[in-house]
Every structure is written in C-alpha cells, then in structure tokens.
Amino acid sequence: MSNERRKPYPFDQIEAKWQRLWEERQTFHAPNPGEAGFDPAQPKYFALDMFPYPSGAGLHVGHPEGYIATDIVARYKRMCGFNVLHPMGWDAFGLPAEQYAIKTGQHPAVTTAANVAKFKAQLGRVGLAYDWAREVNTTDPNYYRWTQWIFLQLYGSWYNPETRRAEPIDTYAGGNPDSVRLAFSSEAPVNWCPALGTVLANEEVVGGLSEVGGHPVERRPLRQWMLRITAYADRLVEELDGLDWPESIKLLQRNWVGRSEGAEVTFAAAGSVETIKVFTTRPDTLYGATYMVLSPEHRLVDLLTTPDQAEAVRAYRESAARKSDMERTELAKEKTGVFTGAFAVNPVNAERIPIWIADYVLAGYGTGAIMAVPAHDERDFEFARKYFLPIREVVSPEPRLGLGGESPCSAEPLEPFVGEGYAIHSGPLDGLPTAEAKAEITARLERLGLGKGTRNYKLRDWLFSRQRYWGEPFPIVWENGRHRALDESELPLTPPEMIDFKPTGTPEPPLSKAEDWIRYSTIETRETNTMPQWAGSCWYYLRYCDAQNRERFVGEEAERYWMTGPAAAGAQTMRDNADFALNAEAVGADVPAPRAATRPKIGGVDLYVGGTEHAVLHLLYARFWHKVLYDLGHVSTPEPFQKLVNQGIILGEDGQKMSKSRGNVVNPDDVIEACGADAFRCFEMFMGPLEQMKPWSTLGVEGSSRFLARVWRLAMEENQAGEWVVGPVSDSTEPDRAAQKVIHATIKKVTEDIEALSFNTAIAQMMVFVNHFTAVTPRPASALRILLQLLNPIAPHLTEELWERLGFEENGARPLPSEPWPAYDPSLLIEDEVELAVQVNGKVRDKLVVKLDATQETIISTALAAPKVQEWTAGKQVKKVIVVPGKLVNIVVG
RNA sequence: GCUCACGUGGCGAAAUGGCAGACGCGCACGACUCAGAAUCGUGUGGGGCAACCCAUGGAGGUUCAAGUCCUCUCGUGAGCACCA
C-alpha cells in the first residue's frame, strides 16, 4: 500500500458520479401542469433561496448554508410525495459588473456570464438538487422584458382608496392620471451620491452615507421615477400578520413603514387668514401645547415671519439647508431654532402660542409642523428648556383629584412624562385616561371642523430610477416633457451597445450618451434612466414557476399551481405518516398535526431562506409588487412568501466576520476537495441552529466526515486487496427490540426535526443510530435501508451509492430520491418499563424502574420505600407527593 | 438614547416548567500495530477519598420543581435614530 493518505471513504468518485447521473436523468426536474409526468393530484412544495449576485470572487462557505437547508427540505418533501419546485438563478444586474467593465473595457454581459458559470459549477459541486431547466438571469432580455412589462402594469394603474386596491388607470375618474399612477415621474429632492454617480432609494442610504461603499449622499431636486409604495403602507403592515416569518423581521418591516395613529389639528395663525395643520399622536395633550414649530422648509414660514425676525429666520433657514443629511443626524444632539415673531391660536382654549422654526421638525413627515408639548415630549422639553418656553403638565401618571379646572400648574417638571396617564388641566378632558382623552378630543375637533383622526407613515415612495448603464431601461418615451409607455409588443427594450458607459459625473445618465438609441422618433426620445437592481429580484420567484414562457411573465396555470397548489396541498406534510396518525391516536402517541390545516395560507412560496440583510429592502419591495400584481389579477395570492427563515452568518474560524482583508475566508471548493460535499453539507447543518451566527471549524468538518465514514463502514469493508466490498449486512436478520426502538425513534426525530429545520439535532440522532449499529453484527439490511432514506437529504451522494451497492433497487425499491419517506411505528417507541427519578424536595435521590401501567399508588409506595428515600425522609413528615408520569416522583417533606 | 434578540463545559451545542450538558470537536487512557496514521473501546462541568456539595452572566421572585416564567441588572449582537 502506498503511503498516500487514504480517504476515509471514496467520496471523490461517488460524488462526481451521482452529480453526473442526476443531470443525465433529470432527477430533480419538476414537471409543470400540462407537461409529461405531471400529476394534478400531487401536492406542491416551493422551496426558495434568495438568488445570489454572481460576483467575481465566487462563493465562500457562508453562501451555501441557506441553499443546503432548502435543498434538504426539498429532497425530504420530494420523498414525502410532493412535487417540489427548487430552482436557482442569478440577480446579475449590478454595480460591480459595471465598474469592472469600466476598468477593463470588457462588456458587463461577458463578465456576468463568466461569473454565472463559476457560481453554477461551485453550486453543482455541493450536490444541490436544483431544477436547472428553470434557471433565471435578470440580465437576460427574455427575463427583463417581463420586468419592464411589470413596470408598465405599475405605470398603467392607480391605487383606489375606496376599494383598497390597484386598478387600471382608466378607472380613475379624477383629473390628471399622471398624478395617481403607481409608477410616476416626479421632480423632488432625492438622494444623490456623487461618488457612485447615481441617486439612491431611502432604503439604500444609511446615516447619510450610501449603503454600498459608504459614500456621502446629498439631497438634490431631480426628475426621477418613483413607485407609489406608500399607497400600500397599510396592507404591507396588516398582511404581515398571516405570515410565518420571524417576529423580528415583521417588526423591522412595521418599523420601516412606521405607521402611527393620531390626529391632525388645525391652528389659526394670529392676525392672518392662514391656518397651520399639525400632526400629533397625542391629541390628548392639546391643552399642554405652549408653542408651535414649523420645519425650516415649511411653506408658511416666509408668510408668517415678522419683519424684525426676518433676518434671523433667513439665516437659520440657510444654515439648515446647507447641512447634509449626515450633518443633520450628527448634530442632532443639540436642538436649535428661531422665533418667527408670529403666533398661533390654540383651537381649544384660544391661547396665543409663539411659532418657531427648528430643524428637529422634518419637512417630510406629517404636515411639517408640530404643536410642542414640552411637558410630555422629550424633544419639545429639551427645546423649551433651551429657549425658556413654558412647560405645562396636562397628563398625570396617577388619577389626581381636585386638580382640574383651568389653573395651569405652576411648578415646571424636571423631566417630561411621555407615558400614558390621566388628563389634567385640560378642561373637559380632565380625569380621562389617555386613550379616552384622545378619542374625546378628536371627536370634539372633528365636530368643530378643527381636526380629524389620521394616520402617518415613515415610509416614503420608492425612488426607482438610477443613473446606470447595466440595468433595465425604462419602456418610456418622452415628448415635450410628457411621458408615455411603450407598447408591450416593443418589449424587451434592450440597452444600446455602448463602449463608454462611465457615469457622466452629473445626474445625466450614461445612456444619454447613446444618441441614436435615445431617438425614438423624430419627436420622441427615450427615458435614459435605468431601473435599480431590486427590480429583477422583485418577481424572480414567479418566473421560476414557468421560466421558459414566451407569452406571459408566468403562465396562469403554472402560477396557480405553484403558488397555491391543489386544494389539499399543505395539509399533507407527511403523506406516509397519515396512516400511522390513525394508529397513533389509538395508542395515544404524539404525531405532529399538519400545520397548514390550522393556519390559512396567504403566501405562495412555502419556504424562503435568506439573510437578514434583506429584511426591509428586497422583502418589502417584492411584497409591494406582488400585491399590485395580485390586485390586477395576475397572481393568485396576496403575499409572495408564506414562510421566511433567516440563516445566520458563518464567521471565520477566528470568530470574526469572513473577509478577504482578514484572510479568514473559507472556500467551499477546498472543503469539498478535502472532505467531500456530503461532509460539507452535513457539517454546515450540524454546526448549530440555522438561524444562528456561528464560527467555521475545520476540525468540525472532519468530524462530520468521520461520521459519514462510519455510515459507509456500517455497510462496507475493505478486502485484502484494499477494495471496498459489502460487509456484514444481513437480509435475514431482523433488528432486536432495542434496535427497533432506535430505528423508530430516529425516524420520528429526523422527520420532526427536518420539518422544524432543526438539522443539527436530526444529525445528532442519526449519529446515535450509527453508534448503536456499529456495535451490532451482522447488521440488518432493513435498518440500513431506513438510515439511508433518512440521511439522503443531508448526504445524498453517499446514501445513493450505498443504496445501489446494497442492491435495494434490485429488490424492488425505487431510486433513493424517489423512495417514499419512512414512517415510524409509535408502538415500538413505548417500553413496558420506565425509569423514574425520585426526588426529595426537588433533588434527585434515587431511581426507580416501574411498569408502564403502574398506578400512582404503587409508584408512591415504591418510591417511599426506596432506601435512599428513607434516609432523606427519616424523621420528617411527608407533606405532598407529586408524580409526573413517565418522568419523576417528587416527595415534599418538611 | 430607544426597540428587539441572545448569554449553558476548554469549544460548537442539547434540553413540551420535570434527572442540565444529548450529539460532535478537543483531551486522557486502553486495544490493534515493530511504530505511527486510521479504526475500535472507555472516560471527560467544577470541588471532594467518599457520602455529598456547587454549577446555565449577576441579584431577587413565582412554583412541589426554573436554563426555561416574572422583575431588576450587567454583557454581546442586530435594527432604528429628532418620524411629533
């Protein structure tokens, strides 16, 4: 024998072989309705990964974590009898390809194709069971023609507040339809990033810097395309409720939409015909308003400012305008403002209160003006302290007697009370708890025409155009400042072939340099902005349902099947356990109830796995588009993703985030080369809970490799010549009672754990199984057969090879990926004797073995008689005995 | 500053309110071997000869029983950051 280090089992040959066979046999192709092999009665399962941007750097071990998780579920569901949609594709528009192209002169399409090939090869080596016939690429004209088509749907519709849904624009009875379109052109201050040479969405700006690259962003008025996502604010919040998503992500989205309930109150400007509307979430504190603040940009500032304050106001406005967003956030600590010289009249008590301007009031939120209640708002309090404005308490944490009436409180509080309580010094509101006071004052204001209950949102409309070359062109043409849509038949609209697509350094997009392309006709010119990278990822999951369709963005039947499934779909999480469920009831064993039966489905994708970084960007945008398509009758579910899971990031071996600069990046290719794809898959899932952040460990992969080698040697042994041959496996030997218990406990645990995505504990249980059978010879073939089935989703290559070598197929079984998932027999899990812990005052003092059917009396008397128990209870009085069946006995003495 | 999540052996981690540490890594010892590697077996939270005692970031509480529930506190991570 050579001294070359032998592999613990021949994974290198096995894995290449099965990857080739899966491709040749199209093993994981999911037939669509109407296609050969499609069974309309078969339930569907849609397991989706967040598709990657194919960067030049290739994958690191963090990428496949989520992909492996969905792959396991997909393979498992397939064995459970589902028609499984498990596709992959490429989110390939984006800055890096364009920047690389600018640097090297190579067209981004060329680099993109090379990167896609690299990613695809890497994913192939992991042994992922994708249906590559459904591959999508957002930069493919056959894909983005439909992205453009969806844009036209947005352009061609409006949100009808009466029906609470999008409708075709021709149902709009108002004036100018351009004022209500869901995709609209607007001249407004936007986030312009000079370094990137493009504008950015609010979601892409973090603390005044671009999310990508961290470059400064400034506000600039520019004509841009916007999508009216604010129309959907309520539905985006409310329809989260029915989704099976992590609460933290739902919370993030709710906070991002930032809906708050309150009232709009109209103040008159003293000595003027103008009125000032303010938004407040605390109308109950109206009697405590001691001044008013307008944002520096408020339209009434010039009108109201008195001549002697004009200079101060002008100077303040100028300095506020000069501040960038970042400075404004950084300087937020110290509040500043200027008195306008004008006064407003409080509608409830006719009191004159001074009007100030200050940049702590934002022009873009609410009405851009507030009533300041310093006693009950931290910002107003701080401001009032600085400028010596009066502070008047109108809410008390405790109900107070005898403090009503009009007499204002004289002593100023040391800190604001922002909680809920009871109204004081508030005329008719006195004594009312905050909630009632809010309702009461709102009703009074409404009667007087001085206010109304309203809602406000932090969510802004979505800035949807970018000054880039490598993106979807807008199917829009212009004539004399008026826009119109291209006809659907003119799609796809491809960008011009260009050599120089460097950003112009101005907000003028690179496409503006393509003079021939721009000219649509003698009088019309094309839109030169392009869509943001989010556009393609907003609907890719729909395209997977029918990726080759040339007639529609997705075929109606295919969409209905994959997004809603047959009527019974989802109710059959464990087809083959259905029979056992009946048996189980008879024996009183636990069989997990199918979840879908209790929770109505509002989303189409059954499982969506991806990183948290998309919590408010992609996931909010995609929900918005989906709802528009739903309203217009193009898709069948109101939500796209029923269940969402965020995988945790994988850190480097040093516990730091993986990065090139730290030099701690682990490449999956190297891991697979050394230990094999199965060990890689197994370890990624064994490391810990999927959602958790966890560090990589080279020794850990070797452990998983060792486990799989133990599985291999359960069936195989080396002969004299050093070849692997089938070992001591017996068809005729039946597992004994203890072995039966291990087998069925493992089926139960693995089934439940995969359903719960607790892969680490599923693997641990299979290790228990392997440890048990390593000590058994000969090994019952029936036991190995079940192990191979259970392990197949996690280690598909190894298990298929052993399935073949042990000849199960020759004995009538199907190829392993199509073999039905095993069912467990609950009766084999029940023993006739159980061991109980015997506690005295909560501490374990003895163990007790009793018959399963022993009565409480028997158990108690046996426990009390135990010698150890006698010792601990001697001389004491037994006060109470608690028996937890099958677990323990606790004797309480005193 | 506010909101949310999480703190368990040397390490990754298990644990419907019911025997804390399953499973793996590492480590120690043993078997096989001329020897090593690989493999197989045994042990492995801390203290103590032992009986026992102590242990899930810390302090209280609820309970027959708390890693798990409640209150406060410290630490780590994520998100938001003048949103009235």
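Side chains are part of it too, since the values below use all heavy atoms of this structure and drop only hydrogens, waters and symmetry mates. Here is how names work: the chains are called A, B, and so on, in the same order as the sequence lines, proteins then strands, and each is numbered from 1.
A/Tyr387 and A/Trp356 have their aromatic ring centers within a separation under 6.0 angstrom. Aromatic ring centres of A/Tyr621 and A/Trp462 lie closer together than 6.0 Å. Taking the six-membered ring wherever Trp is involved, the centroid distance between the rings of A/Phe686 and A/Phe759 does not fall below 6.0 Å.
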Might you list the N or O atoms of the protein lying below 3.5 Å from N or O atoms in nucleotides 26-31 of chain B, with each pair's distance?
residue : atom : partner  : partner atom : Å
B/rG26  : OP2  : A/Arg706 : NH2          : 3.1

Polar pairs (N or O, both sides) under 3.5 Å between protein and nucleotides 48-54 of chain B?
residue : atom : partner  : partner atom : Å
B/rC53  : OP1  : A/Arg845 : NH2          : 3.2
B/rC53  : OP2  : A/Arg845 : NH1          : 3.2

Between the protein and nucleotides 5-10 of chain B, which nitrogen or oxygen pairs come in under 3.5 angstrom?
none

Please tabulate, one pair per line, each protein N/O and nucleotide N/O from nucleotides 17-21 of chain B that are separated by under 3.5 Å, including the distance.
residue : atom : partner  : partner atom : Å
B/rC19  : O2   : A/Lys847 : NZ           : 2.6
B/rC19  : N3   : A/Lys847 : NZ           : 3.4

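For A/Lys694 and B/rG12, the shortest distance from a side-chain N or O to OP1 or OP2 is not below 4.0 Å. Between A/Tyr365 and B/rA84 there is a side-chain polar atom (N or O) within less than 4.0 angstrom of OP1 or OP2. For B/rA84, one of the phosphate oxygens OP1 or OP2 lies less than 4.0 angstrom from a side-chain nitrogen or oxygen of A/Ser260. Distances shorter than 4.0 Å separate none of the side-chain N or O atoms of A/Asn760 from OP1 or OP2 on B/rG12. At the phosphate of B/rC40, OP1 or OP2 sits under 4.0 Å from a side-chain N or O atom of A/Arg710. Checking the phosphate oxygens (OP1, OP2) of B/rC2, no side-chain nitrogen or oxygen of A/Asn255 falls inside 4.0 Å.
No side-chain donor-acceptor contact under 3.5 Å links A/Glu833 to the backbone of A/Leu852. Judged by distance alone, the side chain of A/Arg779 and the main-chain N or O of A/Phe773 form a donor-acceptor pair under 3.5 Å. When atom types are taken as modelled, the side chain of A/Asn890 and the backbone of A/Ile882 share no donor-acceptor pair closer than 3.5 angstrom.
The stretch residues 691-700 of chain A participates, sequence neighbours left out, in these side chain to side chain donor-acceptor pair (under 3.5 Å) pairs: A/Glu65-A/Lys694, A/Glu653-A/Thr698.
Nucleotides B/rA38 and B/rC11, compared at atom P, are 24 Å apart to the nearest Å. To the nearest whole angstrom, the two C1' atoms, one in B/rU33 and one in B/rG7, are 47 Å apart. With C1' as the reference atom, B/rC53 and B/rG48 are 8 Å apart, rounded to whole Å.
With sequence neighbours excluded, no residue forms a side chain to side chain contact (heavy atoms under 4.5 Å, CB included) with A/Gln877. Checked against salt bridge (Lys or Arg N to Asp or Glu O under 4.0 Å), A/Glu420 has the following partners two or more places apart in sequence or in another chain: A/Lys438. Remark: A/Phe381 pairs with A/Arg385, A/Ile391, A/Pro416 by the side chain to side chain contact (heavy atoms under 4.5 Å, CB included) rule, at least two apart or across chains. Under the side chain to side chain donor-acceptor pair (under 3.5 Å) criterion, A/Ser260 pairs with A/Tyr365, not counting sequence neighbours. Scanning for side chain to side chain contact (heavy atoms under 4.5 Å, CB included) contacts around A/Ser758 gives A/Asp753, A/Ala756, A/Asn760, A/Thr761, with sequence neighbours left out.
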Considering only distance and modelled atom types, tabulate donor-acceptor pairs under 3.5 Å from the side chains of residues 279-286 of chain A, sequence neighbours left out.
residue  : atom : partner  : partner atom : Å
A/Thr280 : OG1  : A/Arg282 : N            : 2.8
A/Arg282 : NE   : A/Asp284 : OD1          : 3.0
A/Arg282 : NE   : A/Asp284 : OD2          : 3.4
A/Arg282 : NH1  : A/Val418 : O            : 3.2
A/Arg282 : NH1  : A/Gly419 : O            : 3.3
A/Arg282 : NH2  : A/Asp284 : OD2          : 3.1
A/Arg282 : NH2  : A/Gly419 : O            : 3.4
A/Thr285 : OG1  : A/Arg282 : O            : 2.7

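Among the nucleotides B/rA14, B/rG12, B/rC82, the one closest to the side chain of A/Pro689 is B/rA14. Distances from the side chain of A/Thr774 to the nucleotides B/rC23, B/rC64, B/rG41 place B/rG41 closest.
Using a cutoff of 4.0 Å between basic side-chain nitrogens and carboxylate oxygens, A/Glu702 and A/Arg706 are not scored as salt-bridged.
Residue whose closest nucleotide on RNA chain B sits further toward the 5' end, between A/Gln692 and A/Arg282: A/Gln692. When the nearest nucleotides of RNA chain B are assigned to A/Thr281 and A/Pro695 by heavy-atom distance, the more 5′-ward of the two goes with A/Pro695.
Here the side chains of A/Leu791 and A/Leu708 are in contact, with some heavy-atom distance below 4.5 Å.
Stems are defined here as 3 or more consecutive Watson-Crick or G-U wobble pairs with pairing distances under 3.5 Å; those involving RNA chain B are B:1-7 with B:74-80, B:10-12 with B:23-25, B:26-31 with B:39-44, B:45-47 with B:52-54, B:57-61 with B:69-73.
A glycosidic torsion no more than 90° from 0 defines the syn conformation; B/rG48 lies beyond that range and is anti.
If you measure from atom NZ of A/Lys386 to atom C1' of B/rC82, you get 14 Å, rounded to the nearest angstrom.
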